[in-house]
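Quantities reported herein were computed from a predicted structural model and do not represent experimental measurements. Just so it is clear: chains get the letters A, B, ... in the order the sequence lines come, proteins before strands, and each one is counted from 1. Note: hydrogens, waters and symmetry copies are ignored here, and every other heavy atom, side chains too, is used.
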Amino acid sequence: MKKRLVTSALPYVNNIPHLGNLIQVLSADVFARFCRQYGYETLYVCGTDEYGTATETRALQEGVTPRELCDHYHKIHTDIYEWFGIEFDEWGRTSTPQQTEIVQHIFNKCDEAGFVREQEIEQLFCASCDRFLADRYVHGECPHCGYGDARGDQCEDCGKLLDPTELVKPRCGTCGATPELKSTKHLYIDLPKALPKLQGWMSQASVDGFWAKNAVKMTESWIRDGLKERCITRDLKWGIPVPKEGYEGKVFYVWFDAPIGYISITMCHTDRWEDWWRDPDNTELFQFIGKDNIPFHTVIFPSSLLASGEKWTMLHHMSSSEYLNYEDTKFSKSKGIGVFGNDCKDTGIPADVWRFYIYYNRPETSDFKFTWKDFQEKVNSELIGNLGNLVNRTLTFLKRFYDGKLPVGKRDETFWEEVARREKAVTEKLDRAELRDGLKEILALSGYGNKCFQDGEPWRTKTEDPQAAADLLYNLAYLVRDLAILIRPYLPATSDAVAGFMNWSDFSWDRLGDLTGLGEFTKPQLLFKQLEEDQIEELKVKYSGSQAERQEAEKGEPALEEQFASEIDIRAAKITSVSQHPDAEKLYVITLDCGEEEDRTICSGLVGHYTPEELNGKTILLVANLKPAKLRGIKSNGMLLAAETKDEKTMEVLFVQAEPGTRALVDGFGDASVPEKKIKIDRFFELPLTVDGHTVKSGAASLTLDGKSITAEKVETGSVG
RNA sequence: GGUGGCGUAGCUCAGUCGGUAGAGCAAACGGCUCAUAUCCGUUCGGUCAGGGGUUCAAAUCCCUUCGCCACUACCA
């Protein structure tokens with residue numbers, strides 16, 4: 001029997017995990033508990049992933065050191081997992097000396113084996129801080145939308161991904177000085193070179209380790225699309241120093257070091273860590289992650305290990321779950337939507353009940369939707385009505401009619417044949433980490449117990465045929481004992497409680513079906529409390545929507561028309577020239593006279609719909625206060641309005657007769673005040689214009705120009721954009 | 001627009017190598033009273049998103065349309 005090394009994805013330290021994030025840790029916990037009970041030599045490690053830009057930035061904002069920030073959050077994580085009853089062999093973190101040691105070691109080996117390449121790039125350097133600036137420490141004007149305080153990795157305003165060198169007036173995020181472009185070296189791991197090794201390993205391992213289907217598919221598509229060299233160094237302080245000459249002041253990129261955290265956390269657990277990580281012949285590595293993490297565990301981490309040229313315990317089984325969704329939306333850490341680890345505790349609903357629901361509906365092969373209603377139904381019917389009830393009715397019966405002693409009875413061969421068959425199914429499922437199906441098998445077994453209880457009618461036979469009743473209860477008592485063993489990986493506290501009623505304490509898997517050892521029972525307590533309608537309703541309301549949405553709802557939103565009128569500035573503009581965009585097939589570059597001092601330039605995707613001649617000289621409607629956006633290199637300073645039918649077959653530019661600069665107003669809401677704020681395109685589409693009976697409308701009000709409604713000729717009903 | 005994924009009973013989901021569809025819940029009815037209004041049984045429920053193709057045989061493989069999701073783009 002091989003040893004089993006179990007890991008669950010290292011949660012990033014920076015935030016509180018929600019129910020969806022918790023699935024991995026909970027899954028690995030059941031599996032590890034099962035393996036221990038079954039008799040495998042087992043080690044389950046996990047911990048917080050702590051290095052990287054996100055924590056460094058956050059710490060800076062909060063005025064603490066990264067270490068202090070991590071300590072703070074590490075504690076929060078620790079408390080949550082403890083509450084859920086996770087039985088780690090080692091719960092650690094990546095910011096340890098062991099991590100530094102092993103990451104540097106693996107890097108050196110990869111380097112020696114020729115899998116690390118140097119590349120010189122131009123990067124912004126701040127002279128006053130005397131360091132190269134990480135992408136998000138450079139601030140400046142966004143080249144796409146003109147937002148003044150965009151970060152070098154991504155503009156917070158328009159959402160575009162940026163290269164820091166694109167920023168218009170770059171400045172150092174820390175000291176404000178203007179950084180200069182300076183060439184610097186970075187290290188890349190040569191994944192293409194490792195590809196043949198990876199491919200050979202993967203095709204075998206994915207079969208031997210019966211990887212989840214999504215993991216196989218995603219890995220294959222990565223391999224098929226070809227791997228790129230990946231930069232593994234960063235200019236940060238909060239990370240592991242790169243042990244190479246010329247790389248002083250640089251650290252490893254988080255994704256390179258994070259998976260190695262599994263190893264370093266094991267090193268913190270035992271000096272004999274190599275028995276686990278360098279013993280592939282006798283160790284099987286089971287990893288539990290979410291599907292968003294697949295490539296790191298099936299491509300990048302294995303490639304690093306292979307590239308090192310050393311002997312490592314590689315991934316055996318990949319258990320990559322799908323997503324858990326929340327009511328009619330998704331769990332979101334950034335938006336604060338869903339139920340979070342600490343919320344579960346606050347509900348007063350015990351951890352085992354949460355564990356039950358998560359496992360029962362574990363998104364093993366497709367996404368699953370968490371709803372409070374379903375939570376209530378499943379808990380009440382399956383956990384309580386089925387399992388809880390069998391335990392309770394059996395034990396109270398024994399207490400009431402047999403004075404709490406195991407009656408003298410006879411082993412029912414047919415019964416135990418059936419039970420053994422089902423128990424075998426449970427074991428097989430658990431052994432392959434099919435956790436959801438394993439739990440369902442257990443509940444089916446409990447259901448079988450209920451059926452036997454019902455069919456045997458011991459409440460009647462106890463007087464008519466006392467021996468039949470005694471036999472039945474004798475067998476059922478041992479079934480309940482078996483259930484306490486089987487359910488233990490999933491619901492440890494419940495298992496303890498049931499075993500306690502039976503004065504039982506041996507949970508090893510090979511006791512299953514062994515009809516010895518029971519004698520006295522104590523009076524059973526109820527295992528669970530039903531989830532009541534009003535309680536669930538209350539929780540549903542309490543944890544619905546994001547906080548922002550709740551505030552919005554309280555205030556009451558102004559009418560659509562009013563929002564449109566106050567925020568959006570639409571003006572007539574005359575087209576003065578039209579030309580094909582030099583670098584874009586579908587775009588025209590159009591200049592417009594808007595009644596302003598200077599003409600405006602916009603880009604518009606009308607190629608194929610209109611020829612330049614059809615457009616030139618016409619007057620159109622322009623959304624004049626849009627934030628400028630760069631489309632394929634040319635700045636577009638507004639958007640012209642076109643109507644479109646729902647089927648998108650007919651598209652029509654809205655031509656009008658008016659002096660350039662004339663404002664279009666929302667009928668009944670239009671005052672003359674000009675919206676000052678520039679708006680984002682997304683905001684514009686949140687306040688949609690429609691065409692109804694050829695008339696352009698915002699909500700129920702029509703859009704007017706010089707007092708007359710604006711109409712579309714060809715489009716009768718549709719949208720404007 | 002491109003790429004990938006998904007679409008199965010009222011709801012939430014299974015469905016392996018192609019062999020004319022399953023579970024739980026919900027609903028309806030019946031039974032039992034040991035048990036937390038619990039348990040047992042019966043019934044109802046599906047053109048497997050639509051269309052086409054391959055095949056003796058398609059939820060499954062191929063093409064196509066529609067709808068949803070993710071990433072991505074010259075999205076205006």
- So what does A:Lys373 touch, heavy atoms closer than 4.0 Å: a base, only the sugar-phosphate, or nothing? nothing
- Message: According to a cutoff of under 5.5 Å between the ring centres and under 30° between the ring planes, does A:Phe397 stack with the base of B:C34?
- Response: no
- Message: When the C1' atoms of B:G67 and B:G50 are compared, how many Å lie between them, rounded to an integer?
- Response: 11 Å
- Item | ring pair (Phe, Tyr, Trp, His ring centres under 6.0 Å) partner of A:Tyr326, the single match among A:Phe375, A:Phe368, A:Phe331, A:Tyr543 | A:Phe331
- Message: So A:Gln530, base contact, sugar-phosphate only, or nothing? Heavy-atom distance under 4.0 Å.
- Response: base
- Item | Listed nucleotide nearest any side-chain atom of A:Asn392, set B:U36, B:C32, B:A26 | B:U36
- Query: Any cation-pi pair here, A:Lys291 with A:Tyr323, using under 6.0 Å and within 45°?
  - Reply: yes
- Query: Looking for any heavy atom pair under 4.0 Å, which part of the strands does A:Tyr360 touch: base, sugar-phosphate only, or nothing?
  - Reply: sugar-phosphate
- Message: Would A:Lys462 pass as a cation-pi partner of A:Phe401, given that its NZ or CZ must be under 6.0 Å from the six-membered ring centre and within 45 degrees of the axis?
- Response: yes
- Nucleic acid footprint by protein, nucleotides 11-17 of chain B - heavy-atom cut-off 4.0 Å, B for base, S for sugar-phosphate alone: -SSSS--
- At under 4.0 Å between heavy atoms, which parts of nucleotides 40-46 of chain B does protein reach? Answer with one letter per nucleotide, 5' to 3': B base, S sugar-phosphate only, - none. SS-----
- Item | A:Phe401 side chain, from C-beta outward: closest of B:A35, B:C34, B:A26 | B:C34
- Can you tell which of B:G24, B:C75, B:U36 lies closest to the side chain of A:Leu587? B:C75
- Message: Students often get this wrong, so: under 4.0 angstrom with heavy atoms, is A:Leu527 touching a base, only sugar-phosphate, or nothing?
- Response: base
